[in-house]
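A quick write-up on the structure given underneath.
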Amino acid sequence: MTRTTSAVLGLLVCPAPGAAQDFDNIQIQTIRVTESIYMLQGSGGNIGVSIGDDGTFIVDDQFAPLTDKIVAAIAELTDHPVDFVVNSHWHYDHTDGNENFGRAGAIIVAQDNSRRRMETEQIISLNGRVQPPYAEVGLPKITFLESMRFSYNDNVVDVIHTGPGHTDGDAQVYFRDSNVIHTGDMFVRYGLPYIDQGNGGSTDGMIDALWTIAGLIDDDTIIIPGHGQLSTRTDLLEFRTMLVTIRDRIKDGIARGLSVDQVIASNPARGYAEPAGSAGWVRTAYEAYR
Ligand SMILES: [Zn+2]
């Protein structure tokens, strides 16, 4: 197993078949972003929390066994229970808490393609993990195609689908008044991003989406990435430059008639990732562009 792949598998939390992840040892860390917005980290994708007079809404809800701990962490911030959960996309490490939150009365919101995928069994292309369909109570009741807007907790919050990228159902959640954006896995802080090309994701789409996001925000924006620490627009643009550079090297190799093994041997991720760690990523991209 390559280094990058194992790192991504670690982040997606894919235990060996039969092994259960030990959620008992996971602690929820609360990171203040602004007076009304927080980031929670436990296991799985970063959770965004909006608190205020209107109530509470969160972006993503991690794994079902963590719901009680997540609820307890939110209760430290506000007396209001969670009214809405916005799913940044449909991957289990961001949405497996949906059924618990739905049962507790929260309305789940997502891009429409994400709802469609959560209705049926999905196989994650990276690791072959089967994601079972969610019960009705865990499915998004409100969906959107291109964008929607919340006016909530003194923020205009735009929820925007930027086309195929990490998956085919990604949503960016931009708190305009606070100048904070939750990018889901369109932007992450571990090396090469996982792009779910087996389920509608696209490298070109991610590159385009990152450009769209960069145009939406400014140098003062605080970014809550899908995974990793709070970031800036500069970090996001550097991440995009990495993708453009590696993609262009791969496409150049294809244009010169190189085989996939020759392209891998040319180390197109040089400067960004070790050859052993990037081979699988390069192979997937090669197949997509050839
Ligand atoms: Zn994901």
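As the structure lists them, so they are numbered: ligands from 1, and atoms in each ligand from 1. Note that these values count all heavy atoms, side chains included, but never hydrogens, waters or copies made by symmetry.
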Study note, to complete from the structure: The N/O/S atom of Asp185 lying closest to the Zn ion (ligand 1) is OD2
**Study point:** Shortest non-hydrogen separation from Gln262 to Leu258 and the atoms involved
**Key:** OE1-CA, 3.3 Å
**Study point:** His89 backbone or side-chain N/O/S under 2.8 Å from the Zn ion (ligand 1)
**Key:** yes
Point to revise | Over 12 foreign heavy atoms within 6.0 Å of CG, Asp154 | key: no
Review point. Where the Zn ion (ligand 1) is the centre, what is the ND1-to-NE2 angle for His91 and His166, rounded to 10°?
Key: 90°
Check your understanding: Hey, is Arg247 close enough to Asp204 for a salt bridge, meaning N to O under 4.0 Å?
Key -> yes
Review point. Charged N to carboxylate O under 4.0 angstrom, Arg115 versus Glu119?
Key: yes
